[in-house]
Structures are given as structure tokens and as C-alpha cells.
Amino acid sequence: MVLYGPASSHARVVVLVNGAECELAVVIPGPLSPTGYLWMSQIKSGECGAGPGAALAFTLDDAPTSETLGWVAGGVPSNVVQGLTLVPLLVSWTHRWR
């Protein structure tokens, strides 16, 4: 499955498969991206337990994001042009300091 979306030039995007860190995405120039950059990752069948029914999630700059989806062989984001726009979830300061 090919995953991508807009990012800042210094973004750190990690793809999680079934809750476990799997792959650090690369950030490349993307002239059609609203930010000028895209993060990109490819998760193949069997990689980190990926396969039908596997849950994908993401972190952006070490914060969990709101985006989740199921792994699909040969799949791409439903918005093929934009990709996945990752939005960090708010994490309480109390939680971060534990």
C-alpha cells in the first residue's frame, strides 16, 4: 500500500501497523502539495504484520494523529491527489510529563 500526503520539509512521519511502529516515511519535494513537500511510505504485504485487516495509524513529529485506515493490497489514499493530511491529536500535558 502506498501512503502519502502533504508535510512540512522537516516533518517526521511514522507509520504504525497494528499499533507498532513500522516505518519512518521519507519527505520529498511535492510541487502539487499545498506545503511544497510530501511524506511518502510504502507498506508491503507481510511487512510489520501488514495484510488484509491490518490497522494503519500515524504519528507526526512524535504525536499521534487522527488518521487511521485499513491496509489494502495495492491501495492508495482515497483522495489520490491530496493523499492523507495528518492532523496531530491534542495530548494533555499531564500525560506527556508522566
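Note that these values count all heavy atoms, side chains included, but never hydrogens, waters or copies made by symmetry. FYI, the numbering just counts along the sequence from 1.
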Same apolar cluster (I L V M F W Y, side chains within < 4.5 Å links), [X]/[Y]:
X	Y	result
Val27	Leu84	yes
Leu38	Val26	yes
Leu56	Met40	no

Review point. So how far is it from Leu69 CG to Met1 CE, rounded to the nearest 0.5 Å?
Key: 4.5 Å
Minimal non-hydrogen separation, [X] against [Y], with atom names:
X	Y	result
Asn18	Ala54	OD1-CA, 3.5 Å
Leu24	Val13	CD1-O, 3.3 Å
Val15	Ser41	CG2-OG, 3.7 Å
Ala11	Leu60	CB-CD1, 4.0 Å

**Study point:** With sequence neighbours excluded, residues passing side chain to side chain donor-acceptor pair (under 3.5 Å) with Ser33
**Key:** Thr35
Practice item. Can you sort out the partners of Gln82 under side chain to side chain donor-acceptor pair (under 3.5 Å), two or more places apart, ordered by chain and number? Key: Thr85
Point to revise | Hydrophobic cluster partners of Val72 (side-chain heavy atoms under 4.5 Å) | key: none
Practice item. Tell me, please, which residues at least two apart from Glu47 pass side chain to side chain contact (heavy atoms under 4.5 Å, CB included). Key: Cys22, Glu23, Ile43, Lys44
Check your understanding: Going by the side-chain hydrogen bond (donor to acceptor under 3.5 Å, both in side chains) test, which pairs reach into residues 65-77, not counting sequence neighbours?
Key -> none
**Study point:** side-chain hydrogen bond (donor to acceptor under 3.5 Å, both in side chains) pairs, two or more places apart, involving residues 2-15
**Key:** Arg12-Asp62
Practice item. Go through the steps to decide whether Phe58 and Leu3 satisfy the test side-chain contact (heavy atoms from CB on, under 4.5 Å), and finish with yes or no. Key: CA-CA 11 Å; Phe58 308 87; Leu3 305 161; 4.1 Å; yes
